[in-house]
Amino acid sequence: MSELPVHAPAVSTRATAAGLTAQEVLTAAGAKDSAVARVDGVLVDLTSVVAQDAVVEQVPYASPDGLAVLRHSAAHVLAQAVQELFPGTLLGIGPPIKDGFYYDFLPAQPFTPEDLSLIEKKMSDITRQRQRFSRRVVSERDAKAELGHEKFKLELIALKGSAPEESVEVGGTELTIYDNLVGTETVWSDLCRGPHLPTTRDIPAFKIMRSAAAYWRGDQANEQLQRIYGTAWASKDDLKEHLRLIEEAEKRDHRRLGVELDLFSFPDEIGSGLVVFHPKGGVIKREMEDYVRRRHLEEGFDYVGTPHIAKEGLFHTSGHLPYFADGMFPPMVMEGSDYYLKAMNCPMHNLIYRSRGRSYRELPLRYFEFGSVYRNEPSGVIHGLTRVRGFAQDDSHSYCTKEQAPDEVKHLLTFILGLLKDFGLDDFYLELSTRDDSKPDKFVGTNEDWVTATAVLEQCARDTGLELVPDPGGAAFYGPKISVQARDAIGRTWQMSTVQYDFNQPRGFELEYQAADGSRQQPVMIHAAKFGSIERFIGVLTEHYAGAFPAWLSPVQVVMIPVHSDYDGYLWEVAAQLKASGVRVEVDDSDDRMQKKIRNAQKLKVPFMLIAGGEDVEAGAVSFRFRDGTQDNGIPVADAVARIVEAVLSRA
RNA sequence: GCCGGCUUGGCGCAGCGGUAGCGCAACGCUCUUGUAAAGCGUAGGUCGUCGGUUCGAUCCCGACAGCCGGCUCCA
């Protein structure tokens, strides 16, 4: 979003003599505002000496590389501030990230909010001192000696060369340490690849955001460190704009809007991660479901229904219990059997398939339902509607021959993308989740089947023309998957739909069809959730629209407001006409004054307010006020009704 | 699940070792004339739950539950 402002093209020039610094070369070429330089394609400090004839490019602060460097430099200042305030605190890593940076620490005590204010102040002190970042190449041996007390840094040095991913600390062919100099005195040092800004004073704008815990090197089995997040920008204005965007995002948080618009809640008495939809949220849910069900029928799916629980054996047959038991609610015992709440619908659909013999003529056979599933999500991951313990998937399973599989996957992808567009989402990319070959115990099936299935999905994904991002190791235990990631109105991405290619469950359930030659063959099944989960989708839509749903989804489509209570009766008559056309309309005949009624309807983000006073009554008209505050006055009632009905039908 | 923070009427917030206030919403009355807040009054809380410390706990301590921010995980 704000990461890529329009700027003059970066200056690119050549070093005309030996012994010049990148800064000197760029200044001679008239380039100001450089965070670092790119010399022959490599980012280096402005203070580094460049070879004669080297190509030296300016890297502006506001460029992606420039931002990464200034954020990384800010991370260094953070680490320095922490170690000065809390001596003995060990350092983890401190990379730049989207919008900012973080640094991981192992302090004696976790940081308090007061600590964070102190740290931010200390950082300001350090930046004011204009400390110079000075690069020094060290041998591995010297680095180990110098950093002997920093056990995490030692681990990074040991990983150098063996780690597949390069980090901001080590990488490339040599180890470097950056010293912070005041005059000629070194006041602080850190193992770092660089490059950095020339001085701490060159960090244009930063702010400490929050602290949180994080596992060392992202592994739950490792020690937990304290991470401090900050944000940093190329100018104070950029920082202000970033903070404003955060505020905007908070305003459209679906958890907040859920309360304000009376859509849903999460009663403690029911349990964590279990939602109840209130009548207004129920309208949105019903409209969505009705539309999605209709579209499935149009696309050749059969609507089916299955229970919420099943005996243990079913989930053994499907293979879920061995691989997914931790993700399921614990069983309940009845009449000597263990019953599980289902965490997925496929096993039950398989039983419908298996209920009688199947012919190749029936394939592809497509079952669809809003299947309620329950998953034992760890308490710490539950989040509003986007991560719950009980939810409905708009789940389908397509049974087809191997030969039909590519076409069926394509069919599903086309269907899904069209459906998401119908709900106002139109910016997507795809993710291809594949098997992790180093963890064979987490996946079932032969290598050959995995290769085939993955190839089919990859080809279909490429055929959409959308960006395709690999997700190694992200596959389900029974097969690879494509997931559709949608970007919302303010650029955040959400995982929505999934399409999974499954050759394992048909084997486990011994699913068969009789082929044209009379032989019995095994079908493959394609799992597909279009919205992923109804609950998550409602949460995402709420944020996408900031609660201002399009008219067809709005819980209340029209609020009628009399200028004076004398006109209540007239509005009730108009409302009756709207109701007769299927419009969800309310008449505000409360004791509030007109202005207050407008305010109330505006806060509820009702798409149409219809206001009427003496002038309208005389003319047989009503006056529109729209959500954006604009008006359209004196519209004949029949026209007004037609306009509203048209807006709803067009799903605008 | 892990780390930290938080939990006071429906919602948003004060308060703080001597058993609680404000605004909005609700309810009642008086109002109502053209596009974002009329006035007055009334009612509503065993301060998340359980235990401990104390003469006395909403306040201090502990456990549990829930929520929030992250990590890990995921539709």
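Predicted, not measured: the structure shown is a model, and the values here were computed from it. What's counted below: heavy atoms across the whole structure, side chains too, no hydrogens, waters or symmetry copies.
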Straight-line distance of A:K280 NZ to A:F549 CZ, nearest 0.5 Å: 12.0 Å
From A:K122 NZ over to A:S117 OG, what is the distance, rounded to the nearest 0.5 angstrom? 14.5 Å
Looking only at the side chain of A:D591 (C-beta and beyond, no hydrogens), which of the listed nucleotides B:rC31, B:rU72, B:rG69 gets closest?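 When the side chain of A:D591 is considered, B:rC31 is the closest of B:rC31, B:rU72, B:rG69.
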Given B:rU72, B:rA75, B:rU35, which nucleotide is nearest the side-chain atoms of A:I598?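 The listed nucleotide nearest to A:I598's side chain is B:rU35.
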By the 4.0 Å heavy-atom rule, please label [X] as base, sugar-phosphate, or nothing.
X	answer
A:R375	base
A:A212	base
A:S379	base
A:G271	nothing
A:D219	nothing

Could you tell me how the ring of A:F415 sits relative to the ring of A:H411: parallel (under 30°), tilted (30 to 60°) or perpendicular (over 60°)?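 Rings of A:F415 and A:H411: parallel, as their planes differ by under 30°.
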Are the charged groups of A:R366 and A:E408 less than 4.0 angstrom apart, N to O? yes
Mark yes or no: A:R643 above the aromatic ring of A:F624, with NZ or CZ under 6.0 Å from the six-membered ring centre and no more than 45 degrees from the axis. yes
Rounding to an integer number of Å, can you tell me how far A:Q226 CD sits from B:rU72 P?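 Going from CD in A:Q226 over to P in B:rU72 covers 14 Å.
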Which base sits across from B:rU54 as a Watson-Crick or G-U pair, both distances under 3.5 Å? none
Using purine N1 to pyrimidine N3 plus N6-O4 or O6-N4 for Watson-Crick, or N1-O2 and O6-N3 for G-U wobble, each under 3.5 Å, what pairs with B:rC29? B:rG39
Sole residue of A:R492, A:R256, A:R252 in salt bridge (charged side-chain N to carboxylate O under 4.0 Å, His left out) with A:E543: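 Testing each of A:R492, A:R256, A:R252 against A:E543, the sole residue satisfying salt bridge (charged side-chain N to carboxylate O under 4.0 Å, His left out) is A:R492.
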Answer yes or no as to whether B:rG70 has its base stacked against A:Y229, where stacking requires a ring-centre separation under 5.5 angstrom and planes under 30 degrees apart. no
List every contact pair, protein side and nucleotides 44-49 of chain B side both N or O, where the distance is under 3.5 Å.
none

